[in-house]
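I have placed the structure first, in the form of C-alpha cells, so that the comments after it can refer back to it.
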Amino acid sequence: MTNDEIAHIFNSIADILELKNDNPFRIRAYRKAALVMNDLPDDASRLREKGKLGAIPGIGKDLSAKIEEYVQTGKIATFEELKKEFPEGVLAILSIPGMGPRTSRLLYDTCGIDSIEKLETYARTGRLKGIKGIKDKTIVNILKGIALKRSIQGRFPLGTALPLGEAIRDELKGVRGVGSIELAGSIRRRKETVADIDILVTADELKPLMDRFVQLKDIERVLSHGATRSSAILRGTHIQIDVRVVEKDSFGAALAYFTGSKAHNIKLRELAIKKGFKLNEYGVFDTNNDRKIAGSSEQGVYEALGLQWVPPELREDQGEIELALGHGLPELVAVGDIRGDVHLHTIYSDGNSTLSQMARHAESLGYRYIAITDHSPSLGIARGLDPGKLRSQMQEIDAFNRRSRGIRVLKGMEVDILGDGRLDMDAALLDKLDIVIGSIHSGFKQSGEQITGRLVKAMSTGLVDLIGHPSGRLIGERDAYEVDWGTLFDAAKQYRVAMEINSFPLRLDLSDVMIRKARSRGLKFMTTTDSHDPKQMRYMDYGVSAARRGWLGEGDVVNTKDRKDFVRWLKGDR
DNA sequence: GCCGTTTTCGGCCCGACTGTTTTCAGTCG
C-alpha cells in the first residue's frame with residue numbers, strides 16, 4: 001500500500017527532525033499526517049487522480065505536494081536529503097524504549113554510535129561511562145530497552161490482548177479498597193491491533209493495589225512502579241500493561257483521557273480551551289477560577305464540553321466530534337441486535353461439532369436462527385462437501401427444524417470462488433439453499449485485476465448473497481490479496497450482495513476502514529463468526545466492534561433482522 | 001507544517017515517572 005509507505009516516510013522525517021531539534025510543531029504535523037495516511041480508506045494515488053489530496057484534514061499544501069511527488073516518482077526529495085544527515089542505525093536506536101532524540105543524538109555526536117549493535121557493545125563494555133548525564137542506571141536501562149525492543153516486536157491482535165487485559169482486570173478487582181476498574185486505551189476503542197493494555201482504577205488505598213499488580217504471577221518484568229502509575233511486561237506475550245490509579249471524582253476524565261485516541265483527545269482539549277476551560281485527566285476546569293466543572297463521569301465530561309457522549313469505537317477524530325457537537329452521532333449496532341450467526345461450520349466439513357450442537361449453543365446465546373455454511377469440495381483440506389453430502393445435510397437440517405420449536409437452522413454453503421471466478425458447486429443446488437457465501441480460499445497471489453474479476457463474476461451469477469472474508473487477510477500473518485475495492489463495491493451494490501464482517505479475531509475482515517468505505521457506497525453487511533466450534537461463537541463481539549468502528553447502525557447489518565425478514569431479504573427483497 | 005465564525009500570522013495538549021540533578025531534562029503516553 002502506497003499509504004503505508006508514505007506514512008512510514010513521514011514518521012522517518014519526523015524522527016530525523018527530532019534528532020535535529022527542529023520545530024516541534026513541524027514534527028507533530030508530520031506525525032499527525034502519518035496517522036492520517038494510515039487510516040485513509042483510499043490509496044493516495046487514487047485520491048490524487050480525483051484531485052482530493054488537499055481535502056484531507058492534517059494534509060496541507062506542502063504535504064500533499066510531497067505525497068504527489070511520491071506517487072509520481074516513488075521518492076520524496078526532502079526525505080532523501082534528510083536521510084543523508086544521519087545513518088539509518090541512529091533512527092533504529094530511536095525506536096528503543098527509553099531512547100529519545102536527545103540521548104540518541106548525544107551518543108552519536110560523542111561516540112559515533114550509529115547502530116543498535118554498537119550501542120549495545122558500548123553499554124556492555126563500560127564505554128558509555130563519563131558521558132555527561134549518563135550514569136550506571138542509564139546504561140542498565142539502555143540494555144534493558146534493547147532487550148525489550150527485541151522481545152516486543154509490533155502490535156498484538158485485539159483477540160490476544162483483550163482476554164489478557166480482562167483477566168488482569170478481574171484479578172485486581174478483588175484487591176482491598178478497589179472501586180471502579182476499567183480497561184482503557186485502544187482496547188476500549190476495540191482497535192484491531194493494540195500496542196499495550198491500559199487499566200484504570202479508583203482505590204481507597206494505593207499501595208496494596210500497586211504492590212499486588214507488580215507481583216501478579218503473569219508479570220515478567222516491572223518497568224516502573226509509582227504511587228499512581230505502574231508499568232510491566234506480561235509473561236509469554238511480552239505485551240506491556242499499564243495500571244493507573246485516579247481519584248473517584250476524576251475517574252470519568254481519566255477514562256476519557258486514557259481511552260484516547262490521541263487525536264480525539266487533542267481535539268477535545270482544543271474545544272475546552274475555546275470554551276474557556278481546561279481539560280486534563282483530572283477533569284474539566286474553568287480557567288478563570290480553577291473551579292472543577294466535571295470529571296467523575298465520562299458522560300459529564302462530554303456534556304461540559306457541549307458534546308454528546310461519544311462511543312469509544314468512534315474516538316478516532318474522523319468527524320465524530322463535529323457530529324457530537326450537534327448531538328447527531330449515529331446509533332451504532334450492538335451485539336444484542338444480532339439475531340443470527342450465519343457463517344458456521346460443522347463436522348460435515350472442517351468443524352468439530354454437529355449441526356444440532358451448534359444450533360443448541362446458538363440458542364443459548366439468544367439467537368433466533370443460524371445458517372450452516374460448510375465448505376465446497378475444492379477445499380480438500382477442509383473436507384468440502386460434494387453435492388451428495390450437501391443434499392444429505394439439507395435433509396438433516398429439515399429434520400432438525402421439524403423437531404426444533406425454538407431456533408431455526410438455515411441451509412447454506414461457503415462456496416469457493418475458483419481461480420477463474422466460477423462457483424465450486426452446481427448452480428441448481430446452490431439455488432435451493434437459503435444462503436450462499438462466496439469466498440476466496442486459493443490463488444491469493446493473483447493480480448488485483450484477476451481477483452476483482454473473480455469476485456465480480458461470482459456475484460454476477462445471482463446465486464451469492466454474501467462475500468466471505470472479502471480481503472482474505474490474517475492479521476499479522478497474511479496480507480490482504482489485491483482487490484480493486486471501488487470496482488468490487490460497485491458490483492456488490494449492483495448485484496445486491498452483502499459484505500461479510502468476519503469476527504474471527506485473526507481475520508476481522510472487512511476491516512473497520514473498509515467497512516466505512518463500503519457503507520458510504522450504500523452496501524449491506526452481515527456480522528458472522530465463521531465458527532468451527534461452539535466456543536468460537538462468542539467472537540461475535542469482535543465483529544460487532546469492527547462494525548461499530550465502521551459507523552454501522554442496526555439497519556446496515558442484515559442479520560439484525562428477525563428470521564422472517566432475514567429470509568425475505570435472502571429471497572431477493574433487498 | 002497546519003490552520004482559521006475573534007486570526008493568513010501566531011498560535012499549536014498535558015502530566016507522571018525516572019534519573020540525574022539540587023531545580024530539571026528527557027521520555028512516554
Side-chain angles (χ1 to χ4, degrees), chain A residues 10 13-15 17-19 21-36 54-67 76 78 93-107 129-142 144-145 148 184-187 194-200 206 210 222-232 240-246 250 253-254 256-285 287 305 317 322 325:
Chain A
F10 282 171
I13 291 177
D15 284 343
L17 293 175
E18 279 194 318
L19 286 170
N21 203 10
D22 204 301
N23 175 2
F25 299 107
R26 186 177 172 216
I27 293 164
R28 187 189 295 172
Y30 274 104
R31 298 251 183 247
K32 160 110 185 167
L35 281 175
V36 168
I56 306 167
I59 309 278
K61 218 170 146 186
D62 189 280
L63 290 185
S64 68
K66 288 195 168 63
I67 295 170
I76 294 175
T78 312
I93 288 172
L94 269 181
S95 69
I96 298 169
M99 289 294 291
R102 288 290 128 78
T103 318
S104 303
R105 179 71 195 267
L106 176 71
L107 297 183
K129 278 184 191 167
I131 299 172
K132 195 166 85 61
I134 296 188
K135 295 273 184 293
D136 288 349
K137 197 87 185 224
T138 310
I139 295 172
V140 169
N141 282 340
I142 287 173
K144 276 187 183 169
L148 189 61
S186 44
I187 285 195
V194 302
D196 58 10
I197 299 171
D198 292 297
I199 297 183
L200 198 65
L206 302 179
M210 284 310 192
V222 178
L223 299 175
S224 69
H225 181 185
T228 64
R229 188 182 134 192
S230 296
S231 299
Q240 180 171 333
I241 179 158
D242 297 335
V243 172
R244 294 178 172 84
V245 189
V246 298
S250 295
Y257 181 86
F258 290 113
T259 298
S261 64
K262 202 172 183 124
H264 180 87
N265 282 356
I266 288 175
K267 209 157 233 184
L268 285 187
R269 273 185 233 117
E270 286 169 355
L271 202 61
I273 291 168
K274 273 186 201 149
K275 286 183 165 300
F277 299 154
K278 187 177 80 160
L279 171 66
N280 56 28
E281 58 262 56
Y282 300 105
V284 183
F285 300 87
T287 321
L305 300 177
D317 187 23
E322 290 74 5
L325 270 171

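Below, each value reflects all heavy atoms present in this structure, side chains not excepted, and no hydrogens, waters or symmetry copies. First the proteins, then the strands, lettered A, B, ... as listed; each starts at 1.
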Do A/K262 and A/R31 have side chains that get closer than 4.5 Å, going by heavy atoms? no

Partner of A/S104 under side-chain contact (heavy atoms from CB on, under 4.5 Å), picked from A/I93, A/D15, A/I96, is A/I93

Can you tell me how far C1' of B/dC12 sits from CD of A/E270, to the nearest Å? 7 Å

Nucleotide N/O of nucleotides 4-6 of chain B paired with protein N/O under 3.5 Å:
none

Could you check whether A/L279 gets within reach of a base, just the sugar-phosphate, or nothing at all, counting any heavy atom under 4.0 Å? sugar-phosphate

Suppose you measure atom C1' in B/dG26 against the same atom in B/dT21; what distance do you get, rounded to whole Å? 12 Å

For B/dC2 versus B/dT7, give the span between their C1' atoms, rounded off to a whole number of Å. 14 Å

Which of the following nucleotides, B/dT20, B/dT27, B/dG29, is nearest to the side chain of A/P101? B/dT27

Taking only side-chain N and O atoms of A/N141, does any of them lie within less than 4.0 angstrom of OP1 or OP2 on B/dG19? yes

Do the side chains of A/K32 and A/D317 get nearer than 4.5 Å, heavy atoms only? yes

Return yes if the base of B/dG1 and the side-chain atoms of A/N23 contain a donor-acceptor N/O pair under 3.5 Å, otherwise no. yes

To the nearest Å, give me how far apart OH (A/Y257) and P (B/dC28) are. 15 Å

B/dG1 and B/dT5: how far apart are their C1' atoms, nearest whole angstrom? 24 Å

Side chain of A/D62: nearest nucleotide among B/dC17, B/dG29, B/dG1? B/dG1

Quick one: is B/dT20 close enough that its OP1 or OP2 comes under 4.0 Å of any side-chain N or O from A/K132? no

On DNA chain B, nearest-nucleotide positions of A/D242 versus A/R26: which is more 5'? A/R26

Just the rounded figure in Å: distance from P of B/dG26 to CZ of A/R102. 5 Å

Base, sugar-phosphate alone, or nothing: which one does A/I13 contact when heavy atoms must sit under 4.0 Å apart? nothing

Check the distance between B/dT21's C1' and A/D136's CG and give it to me in whole angstrom. 16 Å

Of the candidate nucleotides B/dG1, B/dG29, B/dG15, which contains the atom at the shortest distance from the side chain of A/Y282? B/dG15

Suppose you measure atom C1' in B/dG4 against the same atom in B/dT8; what distance do you get, rounded to whole Å? 8 Å

Just to confirm, is there a sub-4.0 Å distance from OP1 or OP2 of B/dC17 to any side-chain nitrogen or oxygen of A/T228? yes

Charged N to carboxylate O below 4.0 Å: is that the case for A/D242 and A/R229? no

Nucleotide nearest A/K135 when distance is taken to its side chain, options B/dG15, B/dT20, B/dG1: B/dT20

Report which part of the nucleic acid A/K32 touches: base, sugar-phosphate, or nothing (heavy-atom distance under 4.0 Å, all strands). nothing

Could you tell me whether a side-chain N or O of A/S231 sits under 3.5 Å from a main-chain N or O of A/S224, the two making a donor and an acceptor? no

If we take the P atom in both B/dT23 and B/dC28, what is their distance in whole Å? 25 Å

Find the distance A/H225:NE2 to B/dC17:C1' and express it as a whole number of Å. 12 Å

Is there a side-chain contact between A/I134 and A/I139 in this structure, where contact means two heavy atoms from C-beta onward sitting under 4.5 Å apart? yes

Whole angstrom is fine here: how far is it from CZ in A/F258 over to P in B/dG15? 11 Å

Base, sugar-phosphate or nothing for A/R28? Non-hydrogen atoms, less than 4.0 Å. base

Any ion pair linking A/D62 and A/R26 (charged N to carboxylate O, less than 4.0 Å)? no

Remember a base hit wins even if backbone is also touched, and classify A/A272 as base, sugar-phosphate or nothing at under 4.0 Å, heavy atoms. nothing

Need to verify one output field. Residue with the more 5' nearest nucleotide on DNA chain B, A/A29 or A/T103? A/A29

Below 4.0 angstrom from OP1 or OP2 of B/dC28, is there any side-chain N or O of A/S231? no

What distance, rounded to whole Å, do you find between the two C1' atoms, one in B/dC14 and one in B/dC9? 25 Å

List the steps and the verdict of side-chain contact (heavy atoms from CB on, under 4.5 Å) for A/T287 and A/K275. CA-CA 9 Å; A/T287 321; A/K275 286 183 165 300; over 6 Å; no

When you compare the side chain of A/L94 with that of A/R105, does any pair of heavy atoms fall below 4.5 Å? no

In whole angstroms, how far is the P atom of B/dA16 from the CG atom of A/L206? 13 Å

Both distances below 3.5 Å, Watson-Crick or wobble geometry, any strand: find the nucleotide opposite B/dG10. B/dC3

Can you tell me if A/K274 touches the phosphate of B/dT7, counting only side-chain N or O atoms and a distance under 4.0 Å to OP1 or OP2? no

Separation between the C1' atoms of B/dG10 and B/dC17, rounded to whole Å: 33 Å

Whole-Å distance separating the CG atom of A/L106 from the C1' atom of B/dA25: 12 Å

Using a 4.0 Å heavy-atom cut-off across all strands, classify A/P57 as base, sugar-phosphate, or nothing. sugar-phosphate

Nearest heavy-atom neighbours spanning A/A253 and A/Y282: CB-C, 3.7 Å

